Number of protein chains: 2
Amino acid sequence: MYILSKDFPDHVGTEVTIKGWLYNKRSSGPIAFLEMRDGFSWTQAVVAKAGVTTEVWVDVEKVTHESAVEVTGTVSKHLKKAGVFELQVTNFKILQLAEDYPIALKDHGPDFLLENRHLWLRSKRQWAILRLRDAIITGINQYLHQEDFIKVDSPIFTPNACEGTSTLFAVPYFDLGSAYLSQSGQLYIEAAIASIGRCYDFGPVFRAEKSKTKRHLTEFWMMDAEAAFFEHEDNLRVQEGLIRYIVRYCLEHCQEELAALERNIENLKKVDAPFTRYTYEAAIKKLNENGSDIKFGEDLGNDDEGILTKDSDVPVFIEKWPKSIKPFYMKTDPSNPERVFNDDLIAPENGGEIIGGSQREEDVNVLINRIKAEGLNQADYEWYLDIRRYGSVPHSGFGLGLERVVRWISGTEHIRECIPFPRTIGRLRP
Amino acid sequence: MYILSKDFPDHVGTEVTIKGWLYNKRSSGPIAFLEMRDGFSWTQAVVAKAGVTTEVWVDVEKVTHESAVEVTGTVSKHLKKAGVFELQVTNFKILQLAEDYPIALKDHGPDFLLENRHLWLRSKRQWAILRLRDAIITGINQYLHQEDFIKVDSPIFTPNACEGTSTLFAVPYFDLGSAYLSQSGQLYIEAAIASIGRCYDFGPVFRAEKSKTKRHLTEFWMMDAEAAFFEHEDNLRVQEGLIRYIVRYCLEHCQEELAALERNIENLKKVDAPFTRYTYEAAIKKLNENGSDIKFGEDLGNDDEGILTKDSDVPVFIEKWPKSIKPFYMKTDPSNPERVFNDDLIAPENGGEIIGGSQREEDVNVLINRIKAEGLNQADYEWYLDIRRYGSVPHSGFGLGLERVVRWISGTEHIRECIPFPRTIGRLRP
């Protein structure tokens, strides 16, 4: 009977067949240990020369890394490791013999691995990241639906920029001039909440990012959430609830993956505690006390984020930033007209910024003044201003960078491993 | 207490507050009937002049379409309609008075509505389509996970074309020449199944589509699924299971939406029956018998699809097409080398093609010959050929056009209403 390896617990003592690929092989005289993977788990298949035909043993000796194979055997529990199963092999077939698989089970340089990304994905670490990424996506979809958000896809082709033009990709678009690839769907889902109350988009966004860092891609996945009648405090509550839900979801569903990644799950469990909060002002004070030379009115650098999260087990909110360094659509704090009702959420363990959010300005005249003050073209935003002309309501939202969250939860240093096929300034293949 | 209208059933007899927008207003002397929407449902709020203060009654008389409002009242069950609730109003506030809302509750031309898409989304029909679209997305995610597929995002920026170059959007990409916007992630998820067994992508794809039809957009959402060790029959089984799951999910979760769309749900319920199947050869024969002048070796037109689905309550598979009109990656039927193991799935009720799938060729030499025969550049596909060089396995997959499915299930004529912000040859705004 053909089954998936994840179903071994239901078949202990039974003869089953699994199909997959040979990851590794060790021999000890008349016993061979085949490390198999079928996509769902990793399995040790034990072959005794005395227990199989001569033809099967010849194939066992011949089989190479990454060959496609079919293994039949009896499922047994691992003698020492709970929850781990083995196959005592009775039959073995090579479906396709792989010759000279280019990725050895040793270290390669990043360029070589990226050039062979279509094969590199098969390594245990990349397998674990792919599955963890899926769990994070599923956690996001589940939590937001529980909180009554529905998915409303914002467009990729946009006629104008949301956050500056220097990092925009332009695409010739028929007779309509250039289309720009979206950097955020926020403005569009702000329009949609007046139809369906609460919504989110979740798709690729694009930045013509010229800096080579461990945190930047030219194409990455962003989730933007937006809710009518949500104010600043509601916004932070949902962000905190979302991150906690995602982490718990991964801890529950990705134990094998987190183990493969050698992730310290005790650290992840700590997000059950309330998140740390600083106002921007308090953050600058703390940074200056801890040796940073950041000045009031400047954006935080990576080192600053490190200082602020160093003694926190949980993600850290930095809220209420100076209006002068934030986009036009953020709502002014009525108690301090130089501040806006916004937040950045910084993950601990050098996770970096994973969320940015704000309450949005709902007064059409304030918004027009901000657009003018920033030198933007009001005509480009007339449709966006309509949201405030017809039934304007208090509302808030935030954007979550998927690869940033994958990077933090998986404990990966470089973000290029956190998306299946990374795109950067120097990479467009495979 | 502030609640969402969807929670009325838990608050019958209680005074609650809802916040939202005024959709419509009727007056009958000292009684006003306010049709409210808060994004989650439509609610009739009944105001008796005698039951509110003079100031409130002035506001009730003054309030305009699409003004933002806050309504407090006692929840009651509708006297005649089961599952419908009303508010007996005790207080009413205008949060923001909308003036001269451009979309009246009457017919406008499509250009005007598309130009005001950010407001048009608020109409009852568009609200229902947005929510139905979300239910379809959720149904897809749920079913595929149940069947052990995980989400693996394929890239948008690609170095070469999957299905011809005439409808590709090209983007200048740093020093690397042009990137092309993806038309399908299939080739990428074929690589990923050798890591994780079964996977799907689900994101926007792009076609520089110059034809103006009711079924085409330049930017639309596609779900591509792929599974290792799936052959042609497995592929059709999952496609059928997926469509049935989606329809059942919508019937269960979108009753108010389907009613607002005046969709004949009895017709939708019929998809529980096994789907109709024709081979391409049988389809051509049936078409010729029914007056079509289609010739063997030609693709089906809209009229042909209509003839084949006319007497079917369920979607119709057309399988095993001539190799000559299908892409290089489809697997040849060993029993007939002029045919491939593929299928198109056509929705009934003029739903059109909603899925296209195939078993993929797993023999590297056959694949190389097909690439050469089609005049493609083998160098562009070396990475794809690697999938067959290293552990090649039988595998199959399919692509589902989200807007096509939304169009069919919602009973919408024009596909531009099936995506929140449609993009066509003549439209890039708002």
Side-chain angles (χ1 to χ4, degrees), chain A residues 4 19 21 38-40 66-68 95-96 98 101 118-119 121-122 126-127 130-131 134 137 141 148 150-157 159 169 171 173-174 176 179 188 191-192 194-198 203-204 219 221 228-229 383 386-387 389-393 419-421 423 425 428-430, chain B residues 4 19 21 38-40 66-68 95-96 98 101 118-119 121-122 126-127 130-131 134 137 141 145 148 150-157 159 169 171 173-174 176 179 188 191-192 194-198 203-204 219 221 228-229 383 386-387 390-393 419-421 423 425 428-430:
Chain A
L4 306 178
K19 302 176 186 180
W21 297 267
D38 71 347
F40 301 92
E66 291 305 322
S67 290
L95 301 176
Q96 194 257 349
Y101 185 67
H118 55 294
L119 302 175
L121 291 176
R122 304 180 185 190
Q126 302 305 316
W127 168 86
L130 284 179
R131 294 188 65 88
D134 172 71
I137 293 169
N141 287 324
D148 302 308
I150 70 165
K151 187 162 187 274
V152 172
D153 299 305
S154 56
I156 304 297
F157 286 140
F169 284 105
V171 189
Y173 195 87
F174 306 110
L176 299 178
Y188 290 95
S195 170
I196 43 73
R198 298 175 192 171
E219 174 184 332
W221 279 62
F229 304 106
W383 70 270
D386 279 353
I387 306 168
R389 292 185 178 111
Y390 309 112
S392 190
V393 300
I419 188 166
F421 293 91
R423 300 296 186 238
I425 182 171
L428 187 54
R429 292 176 186 274
Chain B
L4 306 178
K19 302 176 184 180
W21 297 267
D38 70 347
F40 302 92
E66 292 304 323
S67 291
L95 301 176
Q96 193 257 350
Y101 186 67
H118 55 295
L119 302 174
L121 290 176
R122 305 180 184 191
Q126 301 306 316
W127 169 85
L130 284 179
R131 293 188 65 86
D134 172 70
I137 293 168
N141 287 325
H145 277 88
D148 303 308
I150 70 166
K151 188 161 186 274
V152 173
D153 298 305
S154 56
I156 303 297
F157 285 140
F169 283 106
V171 190
Y173 194 87
F174 306 110
L176 300 178
Y188 289 95
S195 169
I196 45 71
R198 299 176 191 170
E219 174 184 332
W221 279 62
F229 304 106
W383 70 271
D386 279 353
I387 306 168
Y390 308 112
S392 189
V393 301
I419 188 166
F421 293 92
R423 299 297 185 239
I425 182 169
L428 187 55
R429 289 176 188 275

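Just the heavy atoms: all of them, side chains too, but no hydrogens, waters or symmetry mates, feed the values below. All values derive from a computational prediction rather than experimental measurement.
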Ring centroid separation for A:Phe157 and B:Phe421, is it under 6.0 angstrom? no

Considering only heavy atoms, which portion of B:Ile137 lies under 4.5 Å from any heavy atom of chain A: side chain, backbone, both, or neither? side chain

Examine whether an atom of B:Trp127 lies under 4.5 Å from a heavy atom of chain A, and if so say whether it belongs to the side chain, the backbone or both; otherwise answer neither. both

Nearest heavy-atom neighbours spanning A:Ile425 and B:Tyr173: O-CE2, 4.1 Å

Please flag which part of B:Asp38 lies under 4.5 Å from any non-hydrogen atom of chain A: side chain, backbone, both or neither. backbone

Interchain contact, A:Arg389 with chain B, by part (heavy-atom threshold 4.5 Å): backbone

Please examine the side chains of B:Tyr188 and A:His118, heavy atoms only from C-beta on, and report whether any two atoms are closer than 4.5 Å. no

At a heavy-atom separation under 4.5 Å, does B:Leu119 approach chain A through its side chain, its backbone, both, or neither? side chain

Checking B:Ser392 against chain A: side chain, backbone, both or neither under 4.5 Å from a heavy atom? both

Of the backbone (N, CA, C, O) and the side chain (C-beta and beyond), which part of B:Ile419 lies under 4.5 Å from a heavy atom of chain A, both, or neither? neither

Between A:Asp148, A:Leu4, A:Ile387, which has the largest tally of heavy atom pairs under 4.5 Å with chain B? A:Asp148

Could you go through the side chain to side chain contact (heavy atoms under 4.5 Å, CB included) check for A:Leu95 and B:Phe229 one step at a time? CA-CA 11 Å; A:Leu95 301 176; B:Phe229 304 106; 3.6 Å; yes

Interchain contact, A:Phe174 with chain B, by part (heavy-atom threshold 4.5 Å): side chain

Determine, stepwise, if the pair A:Gln96 / B:Val393 fulfils side chain to side chain contact (heavy atoms under 4.5 Å, CB included). CA-CA 7 Å; A:Gln96 194 257 349; B:Val393 301; over 6 Å; no

For a 4.5 angstrom cut-off between non-hydrogen side-chain atoms, does B:Ser195 reach A:Leu130? yes

Would you find a donor on one side and an acceptor on the other, under 3.5 Å apart, between the side chain of B:Ser67 and the backbone of A:Gly391? no

Would you check if the side chain of B:Asp134 reaches a backbone N or O of A:Lys151 as a donor-acceptor pair within less than 3.5 Å? yes

Using modelled atom types and a 3.5 Å cut-off, is there a donor and acceptor pairing between side-chain atoms of B:Glu66 and backbone atoms of A:Tyr390? no

Write down the atom of B:Pro420, the atom of A:Val152, and the distance for their closest heavy-atom approach. CG-CG1, 3.7 Å

Tell me, do A:Arg429 and B:Leu176 make a side-chain contact under 4.5 Å, heavy atoms counted? no

When only pairs under 4.5 Å are counted, which of A:Ala68, A:Ala194, A:Ala192 shares the most heavy-atom pairs with chain B? A:Ala194

So, B:Glu219 side chain and A:Pro155 main chain: donor-acceptor pair closer than 3.5 Å or not? no

Heavy-atom pair count under 4.5 Å with chain A, highest-scoring of B:Ile150, B:Val171, B:Asn141, B:Asp153: B:Asp153

To the nearest 0.5 Å, what is the distance between CZ (B:Phe169) and CD1 (A:Ile156)? 12.5 Å

